[in-house]
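Beneath this line is the structure, given in structure tokens, with notes to follow.
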Amino acid sequence: MDSQIATHDTDTAKTTPKKSLRGFAAMDPQRQREIASLGGRAAHQSGHAHEFTSEEARAAGKKRHARAQQASAEAGRPS
């Protein structure tokens, strides 16, 4: 059997230039937080933001834990 060794020509390999960050990603993390905070405040003022009541949060938690237990039982793992 004749074995072949793959060689790579590094002289002709294309190098991908590193992408420069633009817009939100290029900003200082503190400035990103300030902008995100403004968006959150605007959502609450316009009534588009949802805040869970303790009852809603409790129901969501029970639902999630029930699904997790069911999934682990189906996989044969103890919960």
Side-chain angles (χ1 to χ4, degrees):
M1 186 193 293
D2 189 13
S3 64
Q4 294 178 345
I5 300 174
T7 59
H8 297 285
D9 188 2
T10 55
D11 294 335
T12 60
K14 290 184 179 180
T15 58
T16 7
K18 184 177 178 183
K19 289 186 178 182
S20 61
L21 299 176
R22 297 184 294 178
F24 204 69
M27 290 181 191
D28 171 24
Q30 179 61 35
R31 180 68 179 137
Q32 288 180 0
R33 281 191 290 278
E34 290 170 4
I35 292 171
S37 176
L38 292 173
R41 288 186 190 131
H44 282 280
Q45 287 175 351
S46 68
H48 287 91
H50 179 73
E51 292 185 25
F52 281 99
T53 63
S54 58
E55 292 83 19
E56 287 175 317
R58 189 176 302 112
K62 284 182 182 179
K63 203 172 174 182
R64 174 64 183 114
H65 291 294
R67 274 186 280 163
Q69 287 178 348
Q70 182 182 15
S72 65
E74 289 174 359
R77 296 183 303 223
S79 54

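These numbers come from the heavy atoms of this one structure, side chains and all, not from hydrogens, waters or symmetry mates.
Residues passing the side-chain hydrogen bond (donor to acceptor under 3.5 Å, both in side chains) test with S54, sequence neighbours excluded: none. Among residues two or more places apart in sequence or in another chain, the side-chain contact (heavy atoms from CB on, under 4.5 Å) test is passed with A57 by F52.
Through chains of ILVMFWY side-chain contacts below 4.5 Å, M27 is grouped with F24, I35. Apart from L21 itself, the hydrophobic cluster it occupies contains nothing, where clustering links Ile, Leu, Val, Met, Phe, Trp and Tyr at side-chain heavy-atom distances under 4.5 Å.
By the neighbour-count criterion of 12 heavy atoms within 6.0 Å, atom NE2 of H48 is sparsely surrounded, having that number or fewer from other residues, nucleotides or ligands. Heavy atoms from other residues, nucleotides or ligands lying under 6.0 Å from NE2 of H65 number 12 at most.
Here salt bridge (charged side-chain N to carboxylate O under 4.0 Å, His left out) pairs that include residues 47-63, with residues two or more places apart or in two chains, number zero. Sequence neighbours left out, the pairs with a member in residues 21-31 that pass salt bridge (charged side-chain N to carboxylate O under 4.0 Å, His left out) are R31-E34.
Defined by atom type and a distance below 3.5 Å, a donor-acceptor pair is missing between the side-chain atoms of Q70 and R67.
Counting heavy atoms from C-beta outward, S37 and R41 have side chains that approach closer than 4.5 Å.
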